[in-house]
Amino acid sequence: MPAAGAPRPRAVRPPRQATGLRQRLAELRGPATTPRPLDARALAALAANPGCRRRALLDGAGVDKGALAQALGAPANFGQSQFAHQRGNSFEARVKADGGADLVRLLHERLRDGTEPPGPGAVATPDLTAPGPQGRTARTALALREATEAGRWALLDHPMVSLDVAGSPAFLEPDAVVVHPDGSWTVVEIKSFPMVDGSADPAKVGAAARQSAVYALALERVASMIGEPPEDGDDAAMTPSAAGPANTAGAAGAASPAGAAEAAGPVVAAPPAGPADAADPADAAGPVVPAPPADAAEAATPVEAADPAGATALEGPATPAEATPARGRVRHQVLLVCPKDFSNLPTAEMVDVRKQLAVTRRQLDRLTRIEEIAAALPEGTTFDLRLTDDGRTPTRPLEELTAAVDAVDAAYAPECLSACELAAHCRTRSRGAGLVEALGRGVRGELGGLTTVDAVLTAAMERPADDAPTGDPAVDALRRAAALRAEALASRPEAVPCR
């Protein structure tokens, strides 16, 4: 027993696992290097290729992949020019002028739900200022809750939300989030590419939809913490008879896919499947087109696809705030705002992102946890460039950087060239090893267990004496193609064979 009045010894707390992971990630990127935050665009690209452990680790550790690719001698050849960046900022400032009143009126016009438009001073703009990303995330959640309980229009300019990615938090910043009087939330995505006659570049619309789906996924997490989950009976509204007639394409002439995704009221056709959704053929659709007018009964019952995990917020009929307890509900329709034609005037269309939400959620769930990838690395592995005092010139030897990058497995595909800064380096290594991934995911999937070009050529040229099938569909198809090619060349002796 300690003497009376003597101080008691303090208990020693064991170190937390999260602290150990943060320290390990800091060692990987360099103790003196500021972590590079994940944005929605990078997160959508990461979800498009969940098998790439290299990108998952580098993004989770906050490594500057652009600087790393430059040091490896394979700089990225994509990105936004300074002029386009300034033009985008100028257009966004114009869209959000007057406290966001014009933006909310534009959203109300595209909803076509028969409700009264917001009047002067009807849009609240809460202050989201807070220190650090964690503080801003907490302030955003509080502002969303207060605006939902108030039962009025509110515009959150550049809120901050978080999303867990392979065991590491990612802080995301949408352009804007609008809170409706019925308690639902709409993600607003502002882009600087033009929308001509209600249609825009399908590839750019698809990328914007995937980016918006990441924001909606993070907002669903906030909604689950401040509101009640939807009733299971709401899923019955997904049937075509309950959702109303399907939308059809307008002057663009592209028909949207059949199914419940188009039958949720006044929305536009879902954007096309880009590289991020290439693995799911159901994600393809046509360009953005204005939706046909719908009556108030259809427009008041937008719903979202049923989610087995129960994480997806469903949208039910709009009810007064005083009739039922307020709860946050994330709408599956996002407002895409673009310049009208080739002017600087804003126009907008609603884009249904249910398919992108399902794809992003499924792909993020497949990501290996970052601590597992980091634990498998050799001792002393680091991606620290050891920049000089001016912060521009790396001093770490090229051989060490190359060995560190190659220590993490990558899943290269040609689509990576437009989404990842390290794609040029990965392509060089993939071609050097003769991997079939360099030819595309479609070719890789068709070839089955044949993973190298040499293995493919060997399987195609080997002709057994009995010419019996091998039982491998890929090998049999290759041998049949080689036989047809040989017959075609034999019929024309003057033809020069391909090499």
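Bear in mind that the values here come from a model prediction, so they are computed numbers and not experimental data.
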Where Ala407 and Leu377 come nearest, the two heavy atoms and their spacing: O-CD2, 3.9 Å

Worked verdict on Met160 versus Phe171 for side chain to side chain contact (heavy atoms under 4.5 Å, CB included): CA-CA 7 Å; Met160 181 73 73; Phe171 297 97; 3.6 Å; yes

With sequence neighbours excluded, residues passing salt bridge (charged side-chain N to carboxylate O under 4.0 Å, His left out) with Asp157: Lys96

side-chain contact (heavy atoms from CB on, under 4.5 Å) partners of Ala376, counting only residues at least two apart: none

Partners passing side-chain hydrogen bond (donor to acceptor under 3.5 Å, both in side chains) against Asp127 (at least two apart in sequence or in another chain): Thr129

Side-chain donor or acceptor of Ser90 paired with backbone N/O of Gln86 under 3.5 Å: no

Approximate separation, where rounding is to 0.5 Å, of Thr452 OG1 and Glu437 CD: 9.5 Å

Side-chain (Arg479) to main-chain (Ala459) donor-acceptor, under 3.5 angstrom: yes

Salt-bridge contact Arg444-Glu446 (side-chain N to carboxylate O under 4.0 Å): no

Ser343 side chain vs Lys340 backbone, donor-acceptor pair below 3.5 Å: yes

Any donor-acceptor pair under 3.5 Å from Arg54 side chain to Val405 backbone: yes

Salt bridge (charged side-chain N to carboxylate O under 4.0 Å, His left out) partners for Arg396, two or more places apart: Glu400

All side-chain hydrogen bond (donor to acceptor under 3.5 Å, both in side chains) counterparts of Asp64, not counting sequence neighbours: none

Sequence-distant partners of Thr34, side-chain hydrogen bond (donor to acceptor under 3.5 Å, both in side chains), two or more places apart: none

Phe383 side, atom CZ; Leu401 side, atom CG - distance, nearest 0.5 Å: 9.5 Å

Inter-residue atom distance Leu478.CG - Leu450.CG, 0.5 Å rounding: 6.5 Å

Close side-chain approach of Val408 and Arg53, heavy atoms under 4.5 Å: yes

Exercise: identify the closest heavy-atom pair between Ser192 and Arg87: O-NH1, 2.8 Å

Leu103 side, atom CG; Glu92 side, atom CD - distance, nearest 0.5 Å: 10.0 Å

Atom pairs and distances, donor-acceptor, side-chain atoms in residues 423-430, under 3.5 Å, two or more places apart:
residue	atom	partner	partner atom	Å
Thr428	OG1	Ala424	O	3.0
Arg429	NE	Asp406	OD2	3.4
Arg429	NH2	Asp406	OD2	2.5

Sub-4.5 Å side-chain heavy-atom contact between Pro346 and Cys338: no

For Ile370 against Gly60, the heavy-atom pair lying closest together: CD1-CA, 3.5 Å

Set of side-chain hydrogen bond (donor to acceptor under 3.5 Å, both in side chains) partners for Arg480, sequence neighbours left out: none

Close side-chain approach of Leu336 to Lys191, heavy-atom, < 4.5 Å: yes

N-O pairing of Lys65 and Asp59 below 4.0 Å: yes

Minimum heavy-atom distance Leu144-Leu156, with the two atoms named: CD2-CD2, 3.5 Å

Pairwise salt bridge (charged side-chain N to carboxylate O under 4.0 Å, His left out) hits with a residue in residues 131-142, at least two apart: Arg136-Glu173

Non-neighbouring partners of Glu27 that pass salt bridge (charged side-chain N to carboxylate O under 4.0 Å, His left out), sequence neighbours left out: Arg24

Leu435/Tyr412 under side chain to side chain contact (heavy atoms under 4.5 Å, CB included): CA gap, chis, key distance, verdict: CA-CA 10 Å; Leu435 301 179; Tyr412 170 75; over 6 Å; no

Those residues that, when tested against Asp98, pass salt bridge (charged side-chain N to carboxylate O under 4.0 Å, His left out) (two or more places apart): none

Heavy-atom closest contact (Pro126 atom, Leu155 atom, distance): CD-O, 3.5 Å

Side-chain touch Trp185/Val178, heavy atoms, less than 4.5 angstrom: no

Rounded distance (nearest 0.5 Å) linking atom CG of Leu367 with atom CG of Asp164: 10.0 Å

Check: Thr186 and Val177 side chains under 4.5 Å, non-hydrogen atoms: no

Evaluation steps, side chain to side chain contact (heavy atoms under 4.5 Å, CB included), between Met195 and Thr347: CA-CA 8 Å; Met195 189 177 295; Thr347 186; 4.0 Å; yes

Heavy-atom side-chain proximity of Leu163 to Leu217 below 4.5 angstrom: yes

Asp341 side chain vs Pro194 backbone, donor-acceptor pair below 3.5 Å: no

Minimum side-chain heavy-atom gap Gln363-Val359 below 4.5 Å: yes

For the student: nearest non-hydrogen atoms of Ala101 and Val123, plus distance: CA-CG2, 4.4 Å

Distance (rounded to the nearest 0.5 Å) between Leu128 CG and His158 NE2: 10.5 Å

Side-chain donor-acceptor contact under 3.5 Å, His332 with Gln356: no

Presence of salt bridge, Asp352 and Arg354, under 4.0 angstrom: yes

Validation row: Leu68, Leu58 side chains within 4.5 angstrom (heavy atoms): yes

Pair Arg221-Ser162, side chain to side chain contact (heavy atoms under 4.5 Å, CB included): steps then yes or no: CA-CA 8 Å; Arg221 176 176 175 270; Ser162 64; 3.0 Å; yes

Qualifying side chain to side chain donor-acceptor pair (under 3.5 Å) pairs with a residue from residues 375-389, counting only residues at least two apart or across chains: Thr388-Asp390

